[in-house]
Amino acid sequence: LLLVNPRWLLFLALAFAGGVSIAGNNTFLFPYLKELGAPESQMGLAMTIGTLTEIPILFFGHHLLRRLKSYGLLLLAMLVTGARLLMFAAANTPEQILIMQLLNGLTFPAMWVAGVAYVDEIAPPGLSATAQGMFGAMVFGFGAAVGGFIGGPLLETTGGSGIYLTFGIIVM
């Protein structure tokens, strides 16, 4: 029932792109910051900023869902994610990356809150757990694996900027 539903397949494509973006941020941010000349303290600061920006989105997620609906929040999260990845690609300094980390709350946390709510809305009766599992597998399994698989060779050939440009295009 799920795999013949066009809305579900489009949603899984968005979840895949979200997973690719997670690989970009979680796996390749520190090598890119190193490439830009950042000391390890700035790498830790980048992670701290990114983590702290997630808290308000997760805390107020229900308000965002009420205002934007699940699909609207999902599209906003994907748009911000794609734009942020493209801005990472254009960055010349670690400080620019730190500023862009302020957008992190509107990327993965917003995508996750929206995705879980959307799955709850569109899953056929009796398939809610299966649908949630497929969503998680697409984001953290398939999407993140493909992102890691293509990101490593991209890092070697094009550098961090090339990774973020490619991932930004995939998400957009």
Listed by chain and number, what are the side-chain hydrogen bond (donor to acceptor under 3.5 Å, both in side chains) partners of [X], not counting sequence neighbours?
X	result
Glu156	none
Thr53	none
Ser21	none
Tyr32	none

(message) Using the ring pair (Phe, Tyr, Trp, His ring centres under 6.0 Å) definition, which of the options Phe16, Phe142, Phe11 pairs with Phe135?
(response)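 That would be Phe11; it is the only one of Phe16, Phe142, Phe11 passing the ring pair (Phe, Tyr, Trp, His ring centres under 6.0 Å) with Phe135.
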Any chance you could measure [X], atom [atom1], to [Y], atom [atom2], to the nearest 0.5 Å?
X	Y	atom1	atom2	result
Leu64	Leu68	CG	CG	6.0 Å
Ser128	Ile122	OG	CD1	10.5 Å
Leu3	Leu12	CG	CG	7.0 Å
Leu127	Asn5	CG	CG	11.0 Å
Ile49	Met100	CD1	CE	12.0 Å

(request) With sequence neighbours excluded, tell me which residues meet ring-ring contact (aromatic ring centres under 6.0 Å, His included) with Phe149. (result)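 Once residues adjacent in sequence are excluded, Phe149 has no partner under the ring-ring contact (aromatic ring centres under 6.0 Å, His included) criterion.
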(message) I'd like to check the ring-ring contact (aromatic ring centres under 6.0 Å, His included) partners of Tyr71; sequence neighbours left out, ordered by chain and number.
(response)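 Tyr71: ring-ring contact (aromatic ring centres under 6.0 Å, His included) contacts with Tyr118.
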(request) Please name all residues satisfying side chain to side chain contact (heavy atoms under 4.5 Å, CB included) with Val80, sequence neighbours left out, ordered by chain then number. (result)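 Side chain to side chain contact (heavy atoms under 4.5 Å, CB included) check on Val80 returns Leu76, Leu103, Leu106, Thr107.
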(request) Identify, with sequence neighbours excluded, every residue that meets side chain to side chain contact (heavy atoms under 4.5 Å, CB included) alongside Met47. (result)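 If we apply the side chain to side chain contact (heavy atoms under 4.5 Å, CB included) test to Met47, skipping adjacent residues, the hits are Phe30, Thr51.
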Does any non-hydrogen side-chain atom of [Y] lie less than 4.5 Å from one of [X]?
X	Y	result
Leu14	Met138	no
Arg84	Val171	no
Val113	Leu65	yes
Ile163	Phe88	no

[X] side-chain N/O to [Y] backbone N/O, donor-acceptor pair under 3.5 Å:
X	Y	value
Glu54	Pro109	no
Gln96	Thr93	yes
Tyr164	Gly24	yes

Using the rule that two of Ile, Leu, Val, Met, Phe, Trp, Tyr join whenever any of their side-chain heavy atoms come within less than 4.5 Å, decide whether [X] and [Y] are in one cluster.
X	Y	answer
Leu73	Leu10	yes
Trp112	Leu75	yes
Phe28	Met87	yes
Leu98	Leu29	no
Leu58	Ile22	yes

Shortest non-hydrogen contact between [X] and [Y], atoms and distance:
X	Y	answer
Leu2	Trp8	O-CD1, 3.1 Å
Gly148	Ala23	N-CB, 3.6 Å
Glu35	Ser161	OE2-N, 4.2 Å
Pro31	Leu155	CB-CD2, 4.0 Å

Taking ILVMFWY side chains as joined if any heavy atoms are under 4.5 angstrom apart, and letting links pass through other members, which residues group with [X]?
X	value
Ile99	none
Leu52	Ile55
Met172	Leu79, Leu86, Leu165, Ile169

(message) Counting only heavy atoms from other residues, nucleotides and ligands, does the tally under 6.0 Å from CZ of Arg67 exceed 12?
(response)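 Incorrect, the count does not exceed 12.
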Solution key, residues 38-46 side-chain donor-acceptor pairs under 3.5 Å, sequence neighbours excluded:
unit_1, atom_1, unit_2, atom_2, d
Gln42, NE2, Glu95, OE2, 3.0

(request) Would you sort out whether Asn25 and Asn104 count as a side-chain contact (heavy atoms from CB on, under 4.5 Å), showing the intermediate values? (result) CA-CA 10 Å; Asn25 199 45; Asn104 187 60; 3.8 Å; yes
(message) I'd like to know whether the aromatic ring centres of Phe108 and Phe140 sit less than 6.0 Å apart in this structure.
(response)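 Under 6.0 Å, so yes.
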